[in-house]
Number of protein chains: 2
Amino acid sequence: MTENQPKKTGKSDRTRAKILEAAKLLFAEHGYEGASIRDVAAHASIDPAMVIRYFRSKDELFARAAVVDLQLPALRVIDRNAIGETLIRRFLEVWEGPASGPGMAILLRSATSNEFAAEKLRDVFGNQVRPVIAAVADPADAGRRAGLVSSQLLGLAMCRYLLRLPPVVALSHDEIVQNVGPTLQRYAVGEDAP
Amino acid sequence: MTENQPKKTGKSDRTRAKILEAAKLLFAEHGYEGASIRDVAAHASIDPAMVIRYFRSKDELFARAAVVDLQLPALRVIDRNAIGETLIRRFLEVWEGPASGPGMAILLRSATSNEFAAEKLRDVFGNQVRPVIAAVADPADAGRRAGLVSSQLLGLAMCRYLLRLPPVVALSHDEIVQNVGPTLQRYAVGEDAP
DNA sequence: TGCATTTGTCAACGGCTGTTGGCATAAGCA
DNA sequence: TGCTTATGCCAACAGCCGTTGACAAATGCA
């Protein structure tokens, strides 16, 4: 028997999920270093040792919690003039909608002081954002354009959800769409800079 | 004698400065939690206890290191069409020029997981960014506009200097000015959204 | 020269961290 | 019913953390 992990009966699956849910919550709120295994265990009403038994280490727990699937729409099939609006609406869905988990918050919260989180966030950019832009813009420019789009979106997320800058928190969805949408439109498919 | 701190002879001033310089470097690189007092002491070639003697605690050391003075120009006196360009050029100066210290990097690196740093960053917004915008836009809108400007600038800083997203690192100053300048121009003084 | 103050080193405290191994239950199967 | 396995708690380890106090060397002033 090479497996050290618990078998997958109904019980163990439930506690495993309970631990993961608590971990996502605390990682999203306090970041990697700020959320201790003991905190996670307390929130899951369980012993700290169990956290290690179910996930082999804190790093592995973090890796399981910080899963991001942006599910960006295929921009090629939508109205070319609505690309910016589509992106910003999807952004709001990812950060405020119930379907997407707190994966992005977890990554962004920790990426400034944890190299693994930073690398994973760069992966999200390279594997999920950039390809979508490359499908509607000159592939040679896709990196630059996707980088600009990301800078605006990550900055908005920083100000609104992590830093909680009051005027940015106060923005309505419509205001965000009307102000940031055109920016993303220009970054994604606007006229080239010389 | 109510003072517990060392007197200000030439010697003590030099070590005090040495400690502060090491602290700025490490806080900017690794954030508040990631930079320990022992690390700072080692970088300053000094005993950890001295760090506490010169600055009374790690919190106070951080407060002294995370000092930010953006020195934003008075936008009222410049060409109204060049506001966006002026802002983004000043941004590059603050982050890459030799004059401004690493204060912004220190704050941004720690603001995601340290409430004191977050509060101080919000203060920079309220006391330095917002008033400058309020001088050239409808004061009732200044908060919203300054918030949008900050979202783009903090996001750019995140991607370029902290996360080091390759395509954003590769951008030349001219490319940044030409792409981000118009965004800031519109956020700062562009036509109102309905 | 003698003394008081400053500058610095060393060792240690208490607390928190991730992680481990041992031991008690509880559950499932023969 | 008995036995194996899974699930869980407890105590402890080693390591790092910020911080403290005692003591040594250096410095400056009389």
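Residue numbers begin at 1 in each chain, while the letters A, B, ... track the order of the sequences.
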> Would you say the side-chain atoms of B:Gln152 and A:Thr183 include a donor-acceptor pair closer than 3.5 Å?
Replying inline: no

>> Which residues pass the salt bridge (Lys or Arg N to Asp or Glu O under 4.0 Å) test with B:Glu21, not counting sequence neighbours?
In response: none

>> At less than 4.0 Å, is any side-chain N or O atom of A:Thr15 found next to OP1 or OP2 of D:dG8? Yes or no.
In response: yes

If you look only at distance, which donor and acceptor atoms sit under 3.5 Å apart when one is on a side chain in residues 72-84 of chain A and the other is two or more places apart or in another chain?
unit_1, atom_1, unit_2, atom_2, d
A:Asp79, OD1, A:Asn81, N, 3.1
A:Arg80, NH1, A:Val136, O, 3.2
A:Arg80, NH2, A:Val136, O, 3.1

> How many angstroms lie between atom CG of B:Leu70 and atom CE of B:Met104, to the nearest 0.5 angstrom?
Replying inline: 6.0 Å

> Within 45 degrees of the axis of the six-membered ring of B:Tyr187 and under 6.0 Å from its centre: does B:Arg144 put its NZ or CZ there?
Replying inline: no

>> How many whole angstroms separate atom CD1 of A:Ile19 from atom C1' of D:dT7?
In response: 11 Å

> Quick one: B:Met50 CE to D:dA26 C1', roughly how many Å, whole number?
Replying inline: 12 Å

>> Walk along nucleotides 16-22 of chain D from 5' to 3' and tag each nucleotide B, S or - by protein heavy-atom contact under 4.0 Å, base first, then sugar-phosphate.
In response: -BBBBB-

> If only atom types and distance count, is the side chain of B:Gln128 paired as donor or acceptor with the main-chain N or O of B:Val68 below 3.5 Å?
Replying inline: yes

>> Using the side-chain hydrogen bond (donor to acceptor under 3.5 Å, both in side chains) criterion, which residues pair with B:Gln185? Sequence neighbours excluded.
In response: none

> Do any N or O atoms from the side chain of B:Arg160 and from the backbone of B:Leu171 form a donor-acceptor pair under 3.5 angstrom?
Replying inline: yes

>> Check the phosphate of D:dT7 against A:Ser12, side-chain N and O only, distance under 4.0 Å to OP1 or OP2. Yes or no?
In response: yes

> B:Lys18 has an atom NZ; how far is it from atom C1' of C:dG8, in whole Å?
Replying inline: 11 Å

> Starting at CG of B:Asp13 and ending at C1' of D:dT27, how long is that distance when rounded to a whole Å?
Replying inline: 15 Å

>> Expressed as a whole number of angstroms, how long is the span from B:Arg14:CZ to D:dT27:P?
In response: 11 Å

> Residues two or more places apart in sequence or in another chain: which of them pass salt bridge (Lys or Arg N to Asp or Glu O under 4.0 Å) with A:Arg122?
Replying inline: A:Glu115, A:Glu119

> Roughly, in whole Å, what's the span from CD1 in A:Ile46 to C1' in D:dT7?
Replying inline: 9 Å

>> So that I can compare with my own list, what are the stems of DNA chain C, taken as at least three consecutive Watson-Crick or G-U pairs with distances under 3.5 Å?
In response: C:2-29 with D:2-29

